[in-house]
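The figures here come from the full heavy-atom set of this structure, side chains too, leaving out hydrogens, waters and symmetry mates.
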Amino acid sequence: MSEAIRLRARLFLDAEIHVVTGLHIGGAGGKVAIGGVDNPIIRDPLTEEPILPGSSLKGKMRSLLERWGGYEPNHSIGQARIHVCKNPEGYSTCVVCNVFGVPGEIEFARPTRLVVRDAFLDPQRRDWLREADLDLPFSEVKWEAAIDRITSAAVPRQIERVPAGAVFRALPIRSFTGRSAEEAEGEAAGALMVYSVYFPDDLDWFEHVVEAMALVEDDYLGGYGSRGSGQVAFRHLRLGYKIPDQDRSYPARPTWMDRYEDLVAFRRALQSMLQQIRARIPWS
Ligand SMILES: [Zn+2]
């Protein structure tokens, strides 16, 4: 049984991620870390600037939403345990599995609604960080006392962090083409999240994406969160959409709605923005 499903619209969420306390998202060895630091952060291999992988943000949003909703973690991905619906009945109404996706081998699955892009240093903050007096390019090294589990001795260890005050955002195409911010204003590639709408329910489910962002703000991204690292805040948020026109051609650029200062203001306006979008989508 396979149903034909039609892409009705796409939502685009443009937002900045402000680093409130030093952020450690670990790199995966391989290259020798800059400065030979013990616990290096992940950096763009070309520019060597810190990046915030979309997978880190999306994974954290998912796991917090699972915990908030009391979903049973029943599936292992690497070291993590996540919730995955194993039967079509549960899946059809499951926000987490539909929005965040399920492993590819589950045949009844519909397309994952949410894509989270990698985020890069905001160009303005990049210059500020470059001129700041930091331990390493774009990062600070924090010394912490780790306790040796066998000898109980305190062993100092280094943790590399992106310092408080850094700002990440999804990369607009201008970064590759040299176009100005104004010219790139309408570029979809600048959106941190892209959300596909197939069914009317998908618009209701989008509210849980924004709810998950609120859960992240009260938690942390990356490592050492219980020791204070990784607090982030979403700022300057706006929602855009692409809805096919009468001849069903896919729009080149999203239509952007108002920008909101923070997540609280954005959430307050979300219902009415989604209603406007719902009314514009030709469902039949
Ligand atoms: Zn599920």
Side-chain angles (χ1 to χ4, degrees), residues 13-58 60 116-144 156-193 213 216-217 220-225 227-238 259-263:
L13 180 60
D14 174 20
E16 298 167 0
I17 304 166
H18 287 225
V19 176
V20 180
T21 63
L23 173 68
H24 174 88
I25 296 180
K31 258 175 87 174
V32 175
I34 291 173
V37 67
D38 292 339
N39 296 288
I41 54 168
I42 186 163
R43 288 174 185 264
D44 182 300
L46 291 177
T47 63
E48 298 199 320
E49 292 174 16
I51 60 169
L52 201 168
S55 56
S56 295
L57 175 55
K58 189 181 180 188
K60 192 71 184 195
V116 181
R117 305 284 192 210
D118 288 348
F120 301 81
L121 284 179
D122 183 273
Q124 282 153 27
R125 300 308 274 176
R126 180 202 292 138
D127 295 338
W128 171 80
L129 280 173
R130 192 176 275 139
E131 282 152 31
D133 183 22
L134 294 170
D135 304 312
L136 294 171
F138 305 104
S139 76
E140 62 185 12
V141 177
K142 185 168 181 258
W143 285 90
E144 278 196 350
R157 68 175 173 193
Q158 302 169 305
I159 294 151
E160 186 182 20
R161 307 195 306 179
V162 179
V167 175
F168 287 94
R169 58 182 310 165
L171 205 61
I173 287 173
R174 68 169 184 268
S175 305
F176 295 113
T177 61
R179 266 181 288 176
S180 71
E182 289 70 33
E183 285 171 310
E185 188 69 357
E187 294 288 0
L192 181 64
M193 300 183 201
M213 294 166 74
V216 169
E217 282 193 343
Y220 58 89
L221 288 179
Y224 312 103
R227 290 168 171 237
S229 293
Q231 187 184 349
V232 297
F234 297 98
R235 290 283 183 271
H236 303 125
L237 306 96
R238 61 176 180 164
R259 197 184 282 282
Y260 296 88
E261 185 63 27
D262 59 21
L263 198 54

Between [X] and [Y], is any pair of side-chain heavy atoms under 4.5 Å apart?
{"X": "F120", "Y": "T47", "value": "no"}
{"X": "L57", "Y": "I17", "value": "yes"}
{"X": "M213", "Y": "L13", "value": "yes"}

Could you pull out all residues at least two apart from [X] that satisfy side-chain contact (heavy atoms from CB on, under 4.5 Å)?
{"X": "R235", "answer": "E16, H18, E217, A233, D262"}
{"X": "A15", "answer": "L192, L237"}
{"X": "Y220", "answer": "K60"}

Do side-chain atoms of [X] reach the backbone of [Y] as a donor and acceptor pair under 3.5 angstrom?
{"X": "N39", "Y": "E160", "value": "no"}
{"X": "R125", "Y": "G165", "value": "yes"}
{"X": "R238", "Y": "R259", "value": "no"}

Original post:
Does D135 come within less than 4.0 Å of K142, counting only side-chain N to carboxylate O?
Top reply: no
**OP:** Carefully, step by step, assess W143 and R157 under the rule side-chain contact (heavy atoms from CB on, under 4.5 Å).
**Re:** CA-CA 6 Å; W143 285 90; R157 68 175 173 193; 6.0 Å; no
What are the two closest non-hydrogen atoms of [X] and [Y], and how far apart are they?
{"X": "D118", "Y": "P53", "answer": "OD1-CA, 3.4 Å"}
{"X": "G223", "Y": "S229", "answer": "O-CB, 3.4 Å"}
{"X": "F138", "Y": "P50", "answer": "CB-CD, 3.5 Å"}
{"X": "P163", "Y": "L134", "answer": "CG-CD2, 3.9 Å"}
{"X": "A164", "Y": "V20", "answer": "CB-O, 3.2 Å"}
{"X": "I41", "Y": "L23", "answer": "CG2-O, 4.1 Å"}

**OP:** May I have the step-by-step check of side-chain contact (heavy atoms from CB on, under 4.5 Å) for F168 and L121, ending in yes or no?
**Re:** CA-CA 4 Å; F168 287 94; L121 284 179; 3.9 Å; yes
Subject >> Which residues share a salt bridge (charged side-chain N to carboxylate O under 4.0 Å, His left out) with E140, sequence neighbours left out >> reply: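 Per chain and number, E140 pairs via salt bridge (charged side-chain N to carboxylate O under 4.0 Å, His left out) with R161.
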Subject >> Pairing residues for R227 by the salt bridge (charged side-chain N to carboxylate O under 4.0 Å, His left out) criterion, not counting sequence neighbours >> reply: E144
Subject >> Criterion side-chain contact (heavy atoms from CB on, under 4.5 Å) against D14, the qualifying member of H236, M193, R169 >> reply: R169
Original post:
What residues, two or more places apart in sequence or in another chain, satisfy ring-ring contact (aromatic ring centres under 6.0 Å, His included) together with Y224?
Top reply: H24
